[in-house]
Structures are given as C-alpha cells and as structure tokens.
J.: 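The structure follows.
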Amino acid sequence: MVTQIQLGNFFTSGGKTVLGGVGGSGLDTQSLIEGLVEARRLPAVRIEEKITAGQARNAALVEYRTLLSTFRDAVNFMRNPPGVANDVDNVFRYTTSSLSSSTAIAASTYISVATSPGAALQEYTISDITSVARAKKQSTGLFTIATADTAVVSSSPDPNEFGAGTFVLNDQAITFNVGDSLNAVAAKFNAVKATTGIAASVIKIGDNSFQLSFSATATGEDADFDFNNLDVPGTLDDAADGVFDEITITTQQAASNAEFDFNGTAVVRQTNAISDIVTGVTFTILQTTPVGPPSTELTISVEPDTDIAQSGIINFINAYNDLKVFAARQTEIGSDVIAIRDYVQAV
C-alpha cells in the first residue's frame, strides 16, 4: 500500500522547467540534469575561455605597442645622431640664454634673445641702442561722412575728397572711380599692398568723422614712403589725374632703422628681430637705451639648455621602467600555479 509519493521539485535548466529532486525513483534528477547540461556546455566553455584569453592578449599587445612607441621616442630624443646639421635632433645641443645689464634696469627691458640648437656657447654685448626700427605711417585729413561706405571720390573733388582717376604707387597703377566709398578706397590700396608695401585702414575718429591711415608693411628706412611726394616719380606719381590734389597728408611716424653697437661695432638693421649677426641667435630690439655716460651695456650669455636635457633623461627612465613593469606583469605566476608548485616541492 502506497502511503507517500515523492514527486521531487520543479526547477529551471537550459531555459526549460523540469522536475527534479529526489522523487519516487530515489534518484537526484536535478543533479543529473545539471551535470548533463554542464557536460554539453564544455565545448562552449572552452571557446569562451579562448575568446577571453585572446582578448587579454590583444589588449596586452596594444599596451605593449604603445609603451614601445613611447620608449622609442624617448631613445630617439636622447641619442646623438650621426652626420652634420642635426643639432635640432640632438637634445644635448639645445641652448638657452641669460641676460644681464650694467645698470639697475633689467636687460629684458631693452632686448630679448632666442637661441637655436647648436648655437655657439659664448657671450655677446649690445650697447648704445640709439634707434628702434619703425614703419612709416601717414594719414589723411578728416572725412566728414555718415559712414565709411559713403562716397569720397568725385569728378570735381572738394577739400578732403579724392579725384576720380589713376595714380601710380611704387610702380603699381591704382584707379579710383566716381562714387567709390572710403572702404572701397582702402580696399584698393590693400589689394596691391604686397607689391606697393603700403597698407591702408579706415579709422573712425568720432560720429561722422573718419580718417584713412597708411602704414608701411615693413619696418626700416628701406620701406619708407611719402604721399606728399606728389607729381614726382618715386613713392607716388599723381601727375596725370591729380587724384590727391584735395587730400591733406600728415606724417604720424617716420620710418627708422634699428641702430646699436654689437661687441663694440656699430650695426644698422631694417628690422628689430635680427638673426643674421650670430648663427643660431636672434636678438630683438625692444627699446632704446639711455644716453650715457655711463653707457648701458647688455650682456647675452648663450648656455647649454640643461633643463631640456634633464627632461629627456627623466622621460627615458620613465619609459624604460614602464616597459619593465609591463614585462613583469605579463610573466607573473598566478595563485593556482603557485599552489601546484608548492605541492610538488612538498612531495
């Protein structure tokens, strides 16, 4: 006579609901089914493990390539390349400079200095800066007009109006037409400034008050010009049409050269940035020195750039250590391997 039926219990396996547990058969069907499922999954588990291992290897390779590239750059920065004209590739040829003055006023008030790799390690003196290179500037009188788009060119010009016609500026012909605005006039100057060396800009002085300003595109007396040089071949030839007859021109700044003594020798240059005296060294004149006595003497010392060399060495050490740490991490023994090793040694 059956007094008890053991049906076991229901559970989910492989996405299906099955009857398991110890039932009427006395067998642990749940464990059997789970074991069969795990056995069927073994090939998939092995594939998943290979995929995981492959992903780990790929990630390690990517990291290795990055570390190796960084190390290669650090090595290249530190190496002394063979051949000539390679100063820029040699960290130990980089230079810097320091300035000192014979007076209480800092030398950086008067000059600035930039050096290139390979510059000779020497001292130089600059004194008696009597002139700074400047660009010539001139301007017209005031145009009493509503906006800069108002016409300023007429066939019968009034005072402070341009006449219609053609003039020659530094061998470049420019034509103004009746009705051209102040902006249009400036644009015509600027369209040929690469040839003439003279740029124009519209200045708003106040309400209904404008001015046209002219400036040489380069400093120095070689770039000098003069719009008052009318009807004479040279800067401005306006003999034919009298375009400027009713225009008043005023000089705002004269053209000047940079003039100073370098190591006791008088030097004149068209620009304030001077790189043709000493190879690899650029001196920039900022301001004239006071008239002596005593004379203001500025000393420039060209020295090795130890800071950049130190940075290169530190970068090399860091890149090398990063590679060593990576290599150690990739070859370290896992805890499971250590346990086996210890068991074998104990036996």
J.: So, Asp276 and Arg269, do they make that salt bridge, N to O below 4.0 Å?
T.: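 Yes, Asp276 and Arg269 are salt-bridged.
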J.: Would you say Val113 and Tyr94 are hydrophobically clustered, going by side-chain heavy atoms of ILVMFWY under 4.5 Å?
T.: no
J.: Do Ile285 and Ile274 touch side chain to side chain, with heavy atoms closer than 4.5 Å?
T.: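 A side-chain contact under 4.5 Å exists here.
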J.: Any side-chain heavy-atom pair from Leu182 and Asp149 closer than 4.5 angstrom?
T.: no
J.: Begin with the C-alpha distance, continue with both residues' side-chain angles, and end with the deciding distance and a verdict on side-chain contact (heavy atoms from CB on, under 4.5 Å) for Ile249 and Ile247.
T.: CA-CA 6 Å; Ile249 298 293; Ile247 297 295; 3.8 Å; yes
J.: With no hydrogens and no angle check, is any side-chain donor or acceptor of Lys137 less than 3.5 Å from a backbone partner on Ala254?
T.: no
J.: Less than 4.5 Å apart, any side-chain heavy atom of Thr109 and any of Leu286?
T.: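 Result no, sub-4.5 Å side-chain heavy-atom pair not found.
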J.: Okay, side chain of Thr219, backbone of Gln270: is any donor-acceptor separation there less than 3.5 Å?
T.: yes
J.: Test side-chain contact (heavy atoms from CB on, under 4.5 Å) on Thr166 and Val243; report intermediate values, then the result.
T.: CA-CA 7 Å; Thr166 299; Val243 174; 6.0 Å; no
J.: Is it the case that the side chains of Thr282 and Ser275 hold a donor-acceptor pair, with the cut-off being a distance below 3.5 Å and no angle test?
T.: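 Judged by distance alone, the side chains do not pair up.
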J.: Testing the 3.5 Å rule here: is there a donor-acceptor pair between the side chains of Thr289 and Thr296?
T.: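 Side chains of Thr289 and Thr296: no pair found under 3.5 Å.
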J.: Has Tyr320 got more than 12 heavy atoms of other residues, nucleotides or ligands less than 6.0 Å from its OH?
T.: no
J.: Kindly indicate whether the side chain of Ile300, heavy atoms from C-beta on, has any atom under 4.5 Å from the side chain of Glu123.
T.: no
J.: Could you tell me whether a side-chain N or O of Ser256 sits under 3.5 Å from a main-chain N or O of Val132, the two making a donor and an acceptor?
T.: yes
J.: Is there a side-chain contact between Ile126 and Phe283, using heavy atoms and a 4.5 Å cut-off?
T.: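 Yes; the side chains approach each other to less than 4.5 Å.
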J.: Would Phe262 and Phe260 satisfy ring-ring contact (aromatic ring centres under 6.0 Å, His included), going step by step from the backbone distance to the final call?
T.: CA-CA 7 Å; Phe262 184 83; Phe260 55 95; 7.0 Å; no
J.: Find out if a path of hydrophobic residues (ILVMFWY) with successive side-chain heavy-atom gaps under 4.5 Å connects Ile205 to Phe143.
T.: no
J.: Can you check whether Ile111's main-chain N or O pairs, donor with acceptor, with Thr284's side chain at less than 3.5 Å?
T.: no
J.: Go through the side-chain N and O atoms of Asp128 and Ser295 and say whether any donor and acceptor fall under 3.5 Å apart.
T.: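 Yes, side-chain donor-acceptor contact under 3.5 Å.
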J.: Taking all non-hydrogen atoms of both residues, which atom of Ser101 and which atom of Ala107 are closest, and how far apart?
T.: CB-N, 3.8 Å
J.: Could you check whether any side-chain N or O of Gln310 sits under 3.5 Å from a backbone N or O of Asp307, counting only pairs where one atom can act as donor and the other as acceptor?
T.: no
J.: Do you know the tightest heavy-atom contact between Ala135 and Ala216?
T.: CB-O, 3.7 Å
J.: Any luck finding a side-chain donor-acceptor pair between Glu303 and Thr96 under 3.5 Å?
T.: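 Side chains of Glu303 and Thr96: no pair found under 3.5 Å.
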J.: Would you say Phe162 and Asp180 make side-chain contact, with heavy atoms under 4.5 Å?
T.: no
J.: Can a salt bridge be assigned to the pair Glu63 and Arg329 using a cut-off of 4.0 Å between side-chain N and carboxylate O?
T.: yes
J.: Determine yes or no for a side-chain-to-main-chain donor-acceptor pair under 3.5 angstrom, with Thr66 supplying the side chain and Val62 the backbone.
T.: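 Such a contact is found between Thr66 side chain and Val62 backbone.
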J.: If you take all heavy atoms of Val178 and Ala164, which pair is closest and at what distance?
T.: CG2-CB, 3.6 Å
J.: How about Phe225 and Phe214: are their ring centres within less than 6.0 Å of each other?
T.: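 Between Phe225 and Phe214, the centre distance exceeds or equals 6.0 Å.
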J.: Hey, could you give me the CD1/OG distance between Ile129 and Ser127, rounded to the nearest 0.5 Å?
T.: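 So the gap between those two atoms works out to 8.0 Å.
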J.: About how many Å separate OG1 of Thr195 and CG of Asn170, when rounded to the nearest 0.5 Å?
T.: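 OG1 of Thr195 is found 9.5 Å from CG of Asn170.
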J.: Do Asp224 side-chain atoms and Ala255 backbone N/O form a donor-acceptor pair below 3.5 Å?
T.: no
J.: Under a 3.5 Å cutoff, is there a donor and acceptor pairing between the side chains of Lys193 and Thr217?
T.: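 Short answer, no.
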J.: Donor-acceptor check, side chain of Thr196 to backbone of Val192, threshold 3.5 angstrom: yes or no?
T.: yes
J.: Under 30°, 30 to 60°, or over 60°: which ring-plane class applies to Phe176 and Phe167, parallel, tilted or perpendicular?
T.: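 Perpendicular, since the angle between the ring planes exceeds 60°.
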J.: Determine yes or no for a side-chain-to-main-chain donor-acceptor pair under 3.5 angstrom, with Asp241 supplying the side chain and Gly165 the backbone.
T.: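 Absent.
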J.: If you measure only the distance, is there a donor-acceptor pair under 3.5 Å linking the side chains of Gln138 and Asp226?
T.: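 Note: Gln138 and Asp226 side chains meet the donor-acceptor criterion.
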J.: Please check if Leu142 and Val185 belong to a single hydrophobic cluster, counting links between Ile, Leu, Val, Met, Phe, Trp and Tyr side chain heavy atoms closer than 4.5 Å.
T.: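 No: no chain of side-chain contacts under 4.5 Å links Leu142 to Val185.
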J.: Out of curiosity, Thr147 OG1 to Asn183 CG, how far, rounded to the nearest 0.5 Å?
T.: 7.5 Å
J.: What closest approach, in Å, do Thr95 and Gly118 show between heavy atoms, and which atom pair accounts for it?
T.: CG2-N, 4.3 Å
J.: Walk me through it: do Lys324 and Phe326 pass the test side-chain contact (heavy atoms from CB on, under 4.5 Å)?
T.: CA-CA 5 Å; Lys324 291 285 289 182; Phe326 173 82; over 6 Å; no
J.: Take Phe71 and Asp322 through the test side-chain contact (heavy atoms from CB on, under 4.5 Å) and record every step on the way to the result.
T.: CA-CA 9 Å; Phe71 180 72; Asp322 288 343; over 6 Å; no
J.: Please check if any side-chain donor atom of Gln252 sits under 3.5 Å from a side-chain acceptor atom of Ser139, or the reverse.
T.: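 Yes, Ser139 and Gln252 have a side-chain donor paired with an acceptor closer than 3.5 Å.
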J.: Report yes if the side chains of Thr150 and Ser181 come closer than 4.5 Å at any heavy-atom pair, otherwise no.
T.: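 Sidechains of Ser181 and Thr150: no contact.
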J.: Answer whether the closest heavy-atom distance between the side chains of Asn177 and Val153 falls below 4.5 Å.
T.: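 Not touching, per the 4.5 Å side-chain cut-off.
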J.: For the OG atom of Ser69 and the CG atom of Asp73, what is their distance to the nearest 0.5 Å?
T.: 4.5 Å
J.: Under 3.5 Å, is there a donor-acceptor pair linking the side chains of Asn208 and Thr144?
T.: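 No - no donor-acceptor pair under 3.5 Å links their side chains.
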J.: Which atom pair, heavy atoms only, marks the closest approach of Lys136 to Gln253?
T.: CD-O, 3.1 Å
J.: Just verifying a value: how many Å separate Ile313 CD1 and Asn318 CG, rounded to the nearest 0.5 Å?
T.: 12.0 Å
J.: Backbone N or O of Ala133 within a donor-acceptor pair of the Asn272 side chain at under 3.5 Å?
T.: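 Yes: the side chain of Asn272 pairs with the backbone of Ala133.
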J.: What closest approach, in Å, do Val202 and Phe210 show between heavy atoms, and which atom pair accounts for it?
T.: CG1-CD2, 4.1 Å
J.: Decide whether Phe92 and Val75 are clustered together by the hydrophobic rule: side chain heavy atoms of Ile, Leu, Val, Met, Phe, Trp, Tyr closer than 4.5 Å, transitively.
T.: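 Shared cluster, yes.
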J.: If hydrophobic clusters are built from ILVMFWY residues whose side chains come within less than 4.5 Å, do Phe316 and Leu68 share one?
T.: yes
J.: Any chance you could measure Asp261, atom CG, to Asn263, atom CG, to the nearest 0.5 Å?
T.: 10.0 Å
